[in-house]
Amino acid sequence: MHYNPENIEPKWRQHWSEIKLYKVDNKTSKPKYYVLDMFPYPSGAGLHVGHPLGYIASDIFSRYKRLKGFNVLHPMGYDAFGLPAEQYAIQTGVHPSKSTDENISRYRSQLDNIGFSFDWDREVKTSDPTYYKWTQWIFLQLYHHYYDLTQNKAVAIQDLIEEFEKNGNTLIQSANSQESVFSATEWKNMSPKKKDDILMNYRLAYRKTGYVNWCEALGTVLANDEVKDGLSERGGYPVEKKAMMQWSLRITAYAERLLNDLDTLQWTDALKSMQRNWIGRSEGAQLFFEIEGHDAKIEIFTTRPDTIFGATYMVLAPEHDLVSAITSADQRDAVLHYVEYVSSRSDIDRMAEVKEVSGVFTGAYAINPFTNKKIPVWLGEYVLKDYGTGAIMAVPSDDERDQVFATKFGLEIIDVVDKSEYPGATLHDKTGKMINSHFLNGMEVKDAIQLMNDKIQTMGIGAKKINYKLRDANYSRQRYWGEPFPIAYDKDEVAHALSADELPLQLPDLENFQPASGGKSPLARAQNWVHQIEGMELETDTMPGFAGSSWYFLRYMDAGNDHAFASAEAIGYWQDVDLYVGGTEHAVGHLMYSRCWHKFLYDLGLVPTIEPFKKLINQGMITAYGYYAEYLKFGHEDRDAMMVGNSKDVNTDTLNDEGINFTGVGSPMRLAYVYDYLDGQNRLTKEKFVEYHNAIGKNFNVIGDTSKYFWVKDDNGEEYFTVNVVQEKMSKSKHNVQNPDEVVSKYGADCFRMYEMFLGPIEQSKPWDTKGIDGVNRFLRKYWSLFYSDKDWSITDSTPSAEENKILHTTIRKVTEDIERFSFNTCVSAFMMCVNELKRLECNKRKILEPLNVLLAPFAPFITEELWQLLGHNTSVHLATYPEFDAAFLIQDTVEYPVCVNGKKRDTVHISSQLSQNEIQELALTMDNVKKYVEGKEVQKVIVVPGRMINLVVKE
RNA sequence: GCCGAAGUGGUGGAAUUGGUAGACACGCUGGACUCAAAAUCCAGUGCUAGCAAUAGUGUGCGGGUUCGAGUCCCGCCUUCGGUACCA
């Protein structure tokens with residue numbers, strides 16, 4: 001019998017599903033282990049070969065843990081709310097729930113095909129009302145709580161109201177955005193609207209003004225993703241920042257805990273440092289500057305109060321609240337113009353721009369509280385509204401960006417730190433001696449900072465403060481396909497929460513998914529839905545993508561529960577995620593939000609752990625090759641202005657002779673599926689281009705008219721242009737999605753699984769290529785042939801030789817170690833070496849092959865199950881016991897040593913492992929090849945690394 | 001710009017703690033089997049020179065530490081991910 005996955009795999013797939021082999025119980029005496037994959041967004045392109053990379057790794061680990069005797073929770077579900085389904089609905093009229101369900105069923109069949117050990121009874125779908133009921137419920141808890149800094153946890157808003165009734169807000173220590181102070185009496189006399197406004201400033205889920213990308217021409221709010229260079233990606237219309245009342249989550253209340261608890265996690269240092277930098281804690285001083293002729297003060301935050309004598313101007317973010325109030329009449333036009341310009345710029349553009357700074361003078365002057373000098377107040381796009389206070393004191397002598405700004409606009413620069421005693425120190429280093437700074441002169445920077453902090457406090461112009469780069473999360477989206485807020489507003493715009501028994505608040509059915517007028521969510525079109533509560537209007541915005549994904553790992557513990565997001569018993573048993581596998585693209589966003597929600601639920605006593613994900617592995621992306629031809633621009637009346645070719649090929653001298661100017665490069669043109677038409681140097685010849693265009697290119701908007709292209713002639717007179725090959729994300733729009741089904745139908749799921757692992761380290765990104773898959777396929781057939789010689793079953797019960805045992809136990813050790821460190825590619829190599837060697841020995845012994853079969857089962861679940869049954873078992877190999885490693889089989893009596901002279905290998909020698917270092921040394925010196933290099937020279941030193949190598953240090 | 005990661009043969013990659021660079025595969029070359037092909041098996045394969053033994057050289061670039069550096073340090077380059085409304 002020959003290995004034939006087409007026969008084996010469907011049979012076991014069906015059998016395992018029938019007997020619910022992977023069903024997991026919440027009650028068992030076994031130790032628990034929770035392995036989680038980041039759940040996918042079910043896109044219309046289907047699952048591509050990149051998705052399963054992490055799933056296969058986690059599946060191998062889950063199966064390994066099961067064989068080791070753990071009760072393993074390994075679930076899967078769908079992050080089903082999202083923008084693409086809504087856009088598809090706008091284009092086609094197909095309801096997002098319908099397209100999402102279709103995509104999900106496709107994903108499901110693709111996942112099933114690969115043989116994962118998911119317990120599908122625990123599947124979750126974030127867009128399911130039985131799921132988002134609990135997303136809404138958690139939102140309500142956030143709404144009903146504030147963060148108490150004395151207890152350092154979330155506390156019920158009711159307690160806060162009682163405190164206000166007793167003391168106003170004079171005593172309470174909390175995370176808030178309330179600016180004014182009020183007494184108990186004042187509180188009691190406030191209108192319900194006023195009370196609601198104040199409570200909003202304390203709630204963990206609260207409303208404030210936020211900025212969105214507004215596209216007037218499309219009448220809609222755009223995601224950052226949909227904006228390119230200040231224009232909408234669709235249509236190329238102008239986009240500007242627009243202020244809107246938005247829900248926010250007060251994640252900043254948890255900043256300190258999010259930072260400190262990173263230390264308890266087994267995550268990579270890279271990931272932790274990304275999170276630390278994202279939180280961006282800095283200690284400094286809050287400081288108020290008076291403005292000449294105005295009552296308002298400018299609040300700034302600085303980590304360098306010591307440099308205040310060098311603060312020669314101030315910069316406000318163009319969106320700063322004070323801008324319109326302080327702008328002088330003669331600067332008004334310039335300021336308005338500048339604010340309009342900046343509103344078209346993304347935060348990334350604003351931060352990334354270093355060469356060309358921009359700014360405008362407001363006409364106002366602030367007073368430097370220490371020099372009492374008038375300093376001009378400018379606007380600059382490099383100051384962001386949401387970072388710090390949205391205003392800075394600029395010290396051009398000690399900050400690079402301030403320096404560039406001051407130089408450009410001719411602003412005064414005063415040196416305040418002398419770094420001459422610290423050669424090599426940069427502006428970023430907090431070192432040096434203070435100069436030109438009155439009472440600070442001669443002090444070290446560190447001491448000066450401390451002194452200034454105290455001084456600011458005693459002068460009453462500010463205070464020591466800790467600032468975080470982390471910002472409160474914007475939680476509103478003007479979209480249809482997301483969780484509705486369980487919030488209704490009365491006629492005074494006072495927010496009222498729905499009660500828990502009114503949940504889920506379901507999405508209304510719609511036929512038109514276009515945004516409603518004024519950039520409102522499509523929900524505003526469902527007027528009956530909006531007004532379903534007498535005298536109230538429901539919130540029409542929906543929650544963002546991260547809402548449902550911030551707690552889904554808890555739902556898997558008890559997926560069907562209708563009384564709680566999960567029962568206390570289930571959560572008590574499963575506790576937290578032991579191993580989380582997912583992409584680095586989620587390194588900050590999703591992981592930060594999940595950690596925050598988890599800590600909030602911890603404060604409420606609903607989860608027992610302070611962190612949700614103990615250990616985390618980042619899987620790399622599988623990318624695809626993309627092929628591009630550059631658009632070249634020419635200036636010549638006889639030719640079209642745009643041609644396609646490659647700027648590398650353009651000889652500008654020749655062009656100029658012909659009277660054609662090469663004027664630059666436009667955005668490149670994608671040549672989908674062009675691979676088969678390229679030659680070895682990635683050149684596309686004119687002849688091949690025509691073939692390509694007729695067969696494929698014309699379907700992908702590739703221009704067919706060859707005269708529009710810039711052709712280069714090679715020595716043989718062949719005309720061509722060069723195609724650039726790049727690695728890029730797989731996506732439907734790029735037509736580069738590789739479907740795993742195709743690979744599975746050709747080679748089988750076992751082969752697909754092992755090949756994905758064989759491609760390389762799990763955490764590395766790599767392009768998809770099936771070039772090497774034959775090697776894995778050969779391995780599986782070779783493995784099968786150990787059990788079958790030709791047609792006949794050949795397993796015997798005879799006793800294994802020492803060599804056979806050594807091969808087996810070497811493999812057990814290697815594979816086990818490598819699974820534990822998530823190095824699955826080297827596991828596959830180890831299996832290959834093992835099978836190569838057993839094949840060489842014609843080994844067909846049960847005592848070797850049976851344990852090997854269990855060892856291989858997590859990687860190749862189908863072939864091992866088939867062979868397990870043929871070996872005479874009547875329960876699944878996946879319920880077997882992991883083979884034990886026995887070191888006794890690996891004892892070696894000789895060791896092979898490389899012998900090096902001055903670090904270069906000159907010979908190797910086999911030495912008994914019993915020999916002493918001295919004996920080894922003497923032996924090495926007698927070797928012919930060594931003598932050659934040592935002769936006539938002085939041997940200064942002999943280094944023997946036991947079991948590793950011998951090095952002779954020789955001097956001329 | 002800022003934060004994080006990666007860069008090793010023609011290709012994917014291995015080298016776990018500073019100790020034989022290129023394991024395991026793909027591809028390629030030659031051979032066996034075959035009427036032929038597929039499959040399978042055997043041998044070779046970093047680069048340069050040489051019939052060969054062998055020598056030199058070699059882990060993105062430039063320096064450094066060390067008996068010894070792919071691995072550690074300093075300075076760069078390129079690519080990828082994130083940058084707060086893609087998921």
Side-chain angles (χ1 to χ4, degrees), chain A residues 38 40-41 43 79 81-84 210 212-213 221-227 251 268-278 280 346-355 382 386 400-401 469-474 476-479 544-546 549 583-590 592-593 618 620-621 623 680 726-729 731 755 758-761 763-767 769-776 778-779 781-782 785 817-818 821 823 825-826 828-833 836 896-905 908 940-943 945 947-954:
Chain A
M38 288 185 187
Y41 172 77
S43 89
D79 188 12
F81 276 133
L83 207 47
V212 295
N213 299 312
V221 174
L222 298 177
N224 288 336
D225 219 39
E226 301 173 293
V227 183
I251 187 172
T268 58
D269 290 340
L271 193 54
K272 286 187 194 178
S273 85
M274 271 192 266
Q275 291 234 331
R276 279 190 198 107
N277 291 324
W278 183 265
S346 74
D347 285 1
I348 291 181
D349 289 340
R350 288 172 58 173
M351 299 291 279
E353 194 69 79
V354 282
K355 291 191 187 102
Y382 74 101
D386 289 327
E400 278 165 45
R401 280 180 310 183
K469 203 158 75 187
L470 184 73
R471 312 203 288 255
D472 283 344
N474 183 351
S476 288
R477 300 292 182 267
Q478 293 69 41
R479 314 244 179 238
F546 68 80
S549 60
T584 29
E585 65 270 28
H586 302 287
V588 273
H590 161 63
M592 195 70 79
Y593 297 130
N618 277 129
M621 265 204 298
T623 52
V726 300
Q727 281 185 39
E728 57 192 12
K729 271 190 185 178
S731 77
Y755 181 59
F758 190 57
L759 275 176
E763 68 276 8
Q764 225 165 75
S765 286
K766 51 220 148 219
D769 206 321
T770 51
K771 264 189 227 153
I773 200 164
D774 282 331
V776 175
R778 268 172 218 157
F779 158 77
R781 284 192 306 223
K782 204 182 237 184
S785 77
E817 279 174 7
D818 286 0
R821 66 186 179 103
S823 173
N825 56 327
T826 51
V828 179
S829 299
F831 280 121
M832 285 174 169
M833 282 193 268
N836 286 346
E896 191 191 70
Y897 277 93
V899 184
C900 305
V901 180
N902 288 339
K904 278 207 190 313
K905 190 185 114 183
T908 53
Q940 291 194 314
K941 206 171 171 186
V942 180
I943 293 155
V945 185
R948 281 289 186 181
M949 54 98 65
I950 301 163
N951 190 23
L952 308 174
V953 183
V954 170

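In what follows, chains carry the letters A, B, and so on, assigned in the order in which the sequence lines appear, proteins first and then strands, with residues in each chain numbered from 1. Values below: every heavy atom of this structure, side chains too, minus hydrogens, waters and symmetry copies.
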Can you tabulate the close N/O pairs, meaning under 3.5 Å, that link protein atoms to atoms of nucleotides 85-87 of chain B?
unit_1, atom_1, unit_2, atom_2, d
B:C85, OP2, A:Arg477, NH2, 3.4
B:C85, O4', A:Arg477, NE, 3.3
B:C85, O4', A:Arg477, NH2, 3.3
B:C85, O2', A:Asn224, N, 2.5
B:C85, O2, A:Arg479, NH2, 3.2
B:C85, N4, A:Gln478, OE1, 3.2
B:C86, OP2, A:Asp225, N, 3.2
B:C86, O4', A:Asp225, OD2, 3.0
B:A87, OP1, A:Leu83, N, 2.8
B:A87, O3', A:Asp79, OD2, 3.2

OP1 or OP2 of B:G13 less than 4.0 angstrom from a side-chain nitrogen or oxygen of A:Gln764, does that happen here? yes
C1' atoms of B:G81 and B:G10, separation to the nearest Å: 28 Å
Contact between A:Thr268 and A:Glu763 at the side-chain level, heavy atoms closer than 4.5 Å - yes or no? no
In whole Å, I'd like the distance from the CG atom of A:Asn618 to the P atom of B:G81. 14 Å
Tell me which nucleotide among B:G81, B:G4, B:A84 gets nearest to the side chain of A:Lys469. B:A84
P atom, B:G68 versus B:U20: distance in rounded Å? 15 Å
A:Trp278 has an atom CH2; how far is it from atom P of B:A5, in whole Å? 17 Å
Provide the distance between the two C1' atoms, one in B:C72 and one in B:U17, to the nearest whole Å. 13 Å
Nearest 0.5 Å, what's the CG-CG distance between A:Asp472 and A:Asn474? 10.0 Å
Just checking, any donor-acceptor pair under 3.5 angstrom between side chains of A:Asp79 and A:Ser549? no
Using the ring of each side chain (for Trp, its six-membered ring), is A:Phe831 parallel, tilted or perpendicular to A:Phe779, with breaks at 30° and 60°? tilted
Would you please say whether a donor-acceptor pair under 3.5 Å links the side chains of A:Asn836 and A:Lys782? yes
Shortest non-hydrogen contact between A:Tyr755 and A:Lys771, atoms and distance: OH-N, 3.9 Å
Enter syn or anti for the glycosidic conformation of B:G9, syn applying to angles within 90° of 0. syn
Any base atoms under 4.0 Å from A:Ala270, or only sugar-phosphate, or nothing? Heavy atoms, all strands. sugar-phosphate
For A:Arg948 versus A:Pro898, what's the shortest heavy-atom pair and its separation? O-CD, 3.1 Å
Mind listing the closest non-hydrogen atom pair of A:Phe758 and A:Val776 along with its distance? CD2-CG2, 4.0 Å
Going by heavy atoms in the side chains, are A:Phe81 and A:Pro544 under 4.5 Å from each other? no
What base-paired stems does RNA chain B take part in, with at least 3 consecutive Watson-Crick or G-U wobble pairs and both distances under 3.5 Å? B:1-7 with B:77-83, B:10-12 with B:24-26, B:27-32 with B:40-45, B:46-49 with B:54-57, B:60-64 with B:72-76
Nearest-angstrom distance from the residue atom CG of A:Asp269 to P of B:A5: 9 Å
Between A:Ile251 and A:Arg471, is there a side-chain heavy-atom distance shorter than 4.5 Å? no
Out of curiosity, A:Ser785 OG to A:Arg778 CZ, how far, rounded to the nearest 0.5 Å? 13.5 Å
Please tell me which of A:Arg781 and A:Lys766 maps to the more 5' nucleotide of RNA chain B, matching each residue to the nucleotide holding its nearest heavy atom. A:Lys766
Between P of B:G12 and CD of A:Glu763, the distance in whole Å: 17 Å
When all nucleic acid strands are considered with a 4.0 Å heavy-atom cut-off, which category describes A:Met621: base, sugar-phosphate, or nothing? sugar-phosphate
Looking only at non-hydrogen atoms, find the nearest pair between A:Met949 and A:Cys900 and report the distance. CE-SG, 3.7 Å
Checking all strands, does A:Asp386 fall into the base, sugar-phosphate, or nothing category for heavy-atom contacts under 4.0 angstrom? nothing
By nearest-nucleotide position on RNA chain B, the 5'-leaning member of A:Thr623 and A:Lys771 is A:Lys771
Roughly how many Å is it from CD1 in A:Ile773 to P in B:G12, rounded to a whole number? 17 Å
Residue A:Ser765, side-chain heavy atoms: nucleotide from B:G4, B:C80, B:G13 that is nearest: B:C80
Integer angstrom distance from the P of B:A5 to that of B:G75: 15 Å
Using the P atom as the point on both nucleotides, what is the distance between B:G56 and B:A6, in whole Å? 33 Å
Rounded distance in Å between the C1' positions of B:A14 and B:C26: 15 Å
Closest contact, heavy atoms only, A:Arg821 versus A:Thr826: NH2-OG1, 4.1 Å
Please give the distance between the C1' atoms of B:C74 and B:U65 as a whole number of Å. 11 Å
Nearest-Å distance for atom pair CD1/C1', residues A:Ile348 and B:G82: 9 Å
With respect to the phosphate group of B:C3, does any side-chain polar atom (N or O) of A:Arg276 fall under 4.0 Å of OP1 or OP2? no
Looking at the side chain of A:Met274, which of B:C3, B:G13, B:A5 is the nearest nucleotide? B:C3
Reading 5' to 3' through nucleotides 15-23 of chain B, protein heavy-atom contacts under 4.0 Å coded B for base, S for sugar-phosphate only, - for none: SB--BB--B
Could you work out the separation of B:U71 and B:G58 based on their P atoms and round it to a whole Å? 14 Å
Quickly work out the A:Asp769 CG to B:C26 C1' distance and round it to whole Å. 9 Å
Whole Å only: how far is the CG atom of A:Leu271 from the P atom of B:A6? 13 Å
How close do A:Gln478 and A:Val212 get, counting heavy atoms only, and between which atoms? OE1-CG1, 4.2 Å
